[in-house]
Amino acid sequence: MALYVYKFGGTSVGSVERIKAVAEKVKAAHDAGNQIVVVVSAMSGETNRLIALAKEMQAQPTERELDVVISTGEQVTVALLSMALNNIGCAACSYTGGQVKILTDSSHTKARILRIDEHNMRADLDNSKVVVVAGFQGVDEQGNITTLGRGGSDTTAVALAAALTADECHIYTDVDGVYTTDPRVEPKARRLDKITFEEMLEMASQGSKVLQIRSVEFAGKYNVPLRVLSSFTEGAGTLITYEESEVESALISGIAFNRDEAKLTISGVPDRPGIASKILGPIADANIEVDMIIQNIADDATTDFTFTVHRNDYQRAKTALELTCTELAAKKVTGDDGIVKVSIVGVGMRSHAGIANTMFQALAKEGINIRMISTSEIKISVVVDEKYLELAVRTLHAAFKLDQA
Ligand code: ADP
Ligand code: ASP
Ligand code: MG
């Protein structure tokens with residue numbers, strides 16, 4: 001008997017009919033003699049609707065209350081799926097995050113899972129029941145409802161799989177696996193049979209939303225066998241593997257992009273020790289995450305300092321930077337919230353020279369201006385104007401021959 005954790009995303013539970021189809025799929029796996037824990041998201045569009053509703057009430061909703069509102073989406077789908085399962089003769093029981101006791105820290109809207117109590121789930125599984133758990137939510141030490149950040153149901157699933165030492169965790173979604181890039185942007189994208197954990201982590205952190213980054217981190221930490229598959233079609237999907245040698249090492253495995261970026265520059269800053277921390281200190285104090293950073297020294301002993309933040313944080317970061325500008329007697333603050341980041345990712349990059357050059361040449365040929373560059377061992381990212389996003393992704397996909405097996 002194997003234990004599987006299955007996660008179904010918003011589109012997969014987007015209507016009563018689809019929930020019924022999920023129930024059939026779960027029942028078949030259960031009838032085959034497996035123990036099944038199912039994690040579900042809210043119906044597609046529901047979390048956005050709930051956030052909009054909260055914002056109608058309060059422009060900057062109190063985060064504790066926001067979590068109470070947005071966690072309701074998943075509460076609906078767990079109960080509906082349990083009903084569907086019970087209807088077709090498959091005993092099931094639904095649980096909210098608090099009922100399982102998925103204990104998190106108290107960082108509302110981006111909480112981290114600390115501990116999971118398996119007691120209730122084990123008892124149900126031992127009684128041949130399917131356990132249906134609400135994704136995306138937990139509860140803190142004080143009993144407050146918390147949520148895990150957008151896309152957080154992936155993390156719930158992987159965390160449950162780790163806690164229960166499941167044989168495999170399956171993420172069922174609206175694509176049949178992890179592709180060389182988002183197939184919505186490049187229809188020639190190819191499904192990968194396998195991807196290394198490291199590459200998946202980099203793809204997710206560079207904006208590929210097929211898996212929430214924290215779910216990949218969790219999978220790596222606890223070595224959870226993880227697979228991404230389609231809810232709607234049969235197939236083996238994509239396996240996230242922990243052995244690099246198992247994957248034929250292509251130079252580049254995939255292209256990720258992030259539309260949520262904005263960039264800010266403070267120029268004419270006196271060039272002296274401690275300046276970087278003077279600039280970024282107030283940004284960190286405002287709880288704003290900084291992604292790329294570039295500093296350039298000019299001839300006149302001043303420096304230009306540029307960094308990127310999430311687009312949602314752009315205005316707040318700009319305001320903080322303008323204060324710093326006055327304090328440091330710097331020249332000016334400029335910004336642009338119409339940029340995107342495009343990244344190529346591949347472990348093969350480690351052992352090959354010239355990848356960056358291929359990338360820059362390909363973009364230049366299309367007249368795409370690169371605004372910022374950053375690299376790590378297995379990725380190269382560039383910031384470009386948002387109007388070039390699709391063109392840049394397709395150009396790089398072709399330049400690295402990702403459409404060819
Ligand atoms: P779910 O609601 O099931 O969690 P998501 O919308 O969060 O689904 O994630 C699936 C989507 O991720 C796909 O529809 C696809 O557009 C997008 N995506 C982005 N990058 C990739 C990629 N490299 N491979 C596959 N899908 C990707
Ligand atoms: N419903 C949540 C969201 O839309 C969590 C998830 O779908 O994973 O972000
Ligand atoms: Mg998702």
Side-chain angles (χ1 to χ4, degrees), residues 55 58-63 66 105-112 149-150 202 205-207 213-214 256-344 356 359-360 363-364 368-377 379-389 392:
K55 285 191 170 162
Q58 203 181 9
Q60 292 247 327
T62 312
E63 290 193 325
L66 183 61
D105 62 20
S106 303
S107 316
H108 286 289
T109 73
K110 46 181 175 299
R112 282 183 180 272
R150 298 307 305 268
E202 196 73 79
S205 76
Q206 296 311 318
I213 177 165
R214 281 195 190 161
F257 54 84
N258 189 347
R259 301 179 200 265
D260 301 327
E261 301 255 332
K263 98 183 178 27
L264 286 155
T265 300
I266 175 166
S267 43
V269 186
D271 184 25
R272 54 171 192 260
I275 226 64
S277 108
K278 281 238 160 54
I279 294 169
L280 294 179
I283 304 290
D285 292 344
N287 211 358
I288 297 171
E289 268 181 47
V290 170
D291 181 15
M292 288 177 163
I293 303 172
I294 290 181
Q295 188 187 348
N296 270 326
I297 316 290
D299 292 339
D300 60 352
T302 68
T303 158
D304 291 352
F305 196 96
T306 302
F307 57 93
T308 61
V309 295
H310 194 285
R311 234 179 247 194
N312 290 346
D313 293 327
Y314 176 67
Q315 279 310 333
R316 282 198 308 134
K318 193 154 185 254
T319 309
L321 198 60
E322 272 156 1
L323 277 175
T324 309
C325 182
T326 315
E327 252 170 52
L328 297 176
K331 215 176 287 158
K332 63 174 183 214
V333 169
T334 49
D336 187 348
D337 61 354
I339 56 152
V340 291
K341 184 171 70 170
V342 179
S343 309
I344 57 174
M359 180 182 197
F360 302 154
L363 295 173
I368 301 172
N369 197 21
I370 300 171
R371 314 274 296 269
M372 289 172 88
I373 300 170
S374 101
T375 63
S376 80
E377 237 196 338
K379 74 120 212 280
I380 304 170
S381 304
V382 294
V383 165
V384 300
D385 289 348
E386 67 183 352
K387 66 178 178 210
Y388 292 129
L389 174 81

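- Interatomic distance, I380 CD1 to T375 OG1, rounded to the nearest 0.5 Å: 7.0 Å.
- Rounded to the nearest 0.5 Å, atoms CD1 (I339) and OG1 (T308) are 6.0 Å apart.
- A salt bridge between E386 and R311 is present, with a side-chain N of the basic residue lying under 4.0 Å from a carboxylate O of the acidic one.
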- side chain to side chain contact (heavy atoms under 4.5 Å, CB included) evaluation trace for I293 with L280: CA-CA 10 Å; I293 303 172; L280 294 179; 3.6 Å; yes
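- The side-chain hydrogen bond (donor to acceptor under 3.5 Å, both in side chains) check on D300 picks up T302, with sequence neighbours excluded.
- The environment of K318 atom NZ is dense: over 12 non-hydrogen atoms of other residues, nucleotides or ligands sit within 6.0 angstrom.
- Of all heavy-atom pairs spanning R272 and L328, the tightest one is NH2-CD2, 4.1 Å.
- Between atom CZ of residue F305 and atom OG1 of residue T324 there is a gap of 10.5 Å, rounded to the nearest 0.5 Å.
- When all heavy atoms of Y314 and A262 are compared, the closest pair comes out as CD1-CB, 3.5 Å.
- Rounded to the nearest 0.5 Å, atoms CG (D313) and CG (D260) are 10.5 Å apart.
- For E327, there are no side-chain hydrogen bond (donor to acceptor under 3.5 Å, both in side chains) partners, not counting sequence neighbours.
- Put simply, OG1 on T306 and CE on M292 are 11.5 Å apart, with the number rounded to the nearest 0.5 Å.
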- Item | Verdict with supporting geometry, F307 and L321, side chain to side chain contact (heavy atoms under 4.5 Å, CB included) | CA-CA 11 Å; F307 57 93; L321 198 60; 4.0 Å; yes
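- Among all heavy-atom pairs drawn from R259 and V340, the shortest one is CA-CG1, 3.8 Å.
- Taking the side-chain hydrogen bond (donor to acceptor under 3.5 Å, both in side chains) definition, one finds that D105 meets it with S107, sequence neighbours left out.
- Looking at heavy atoms from C-beta onward, M372 lies out of side-chain contact with S381 at the 4.5 angstrom threshold.
- Ion pair K341/D291 flagged as a salt bridge, since at least one NZ, NE, NH1 or NH2 atom sits closer than 4.0 Å to an Asp/Glu carboxylate oxygen.
- Within 6.0 Å of atom CD in Q295, more than 12 heavy atoms from other residues, nucleotides or ligands are found, so the atom counts as buried in its surroundings.
- Of all heavy-atom pairs spanning A320 and I283, the tightest one is CB-CD1, 4.1 Å.
- When every heavy atom of T109 is checked against every heavy atom of E63, the shortest pair comes out as OG1-OE2, 3.7 Å.
- Here CD1 of I294 is found 11.0 Å from CG of D304. Values are rounded to the nearest 0.5 Å.
- Counting non-hydrogen atoms of neighbouring residues, nucleotides and ligands closer than 6.0 angstrom, the CD atom of Q58 exceeds 12 such neighbours.
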- Task: Report the C-alpha separation of L363 and V342 in whole Å, then their side-chain angles, then the decisive distance to 0.1 Å, and conclude whether the side chain to side chain contact (heavy atoms under 4.5 Å, CB included) test is met.
- Result: CA-CA 11 Å; L363 295 173; V342 179; over 6 Å; no
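- Nearest heavy atoms, N369 versus V384: O-CG1, 3.6 Å.
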- Message: Would D336 and R371 count as a side chain to side chain contact (heavy atoms under 4.5 Å, CB included) here? Give the steps.
- Response: CA-CA 11 Å; D336 187 348; R371 314 274 296 269; 3.0 Å; yes
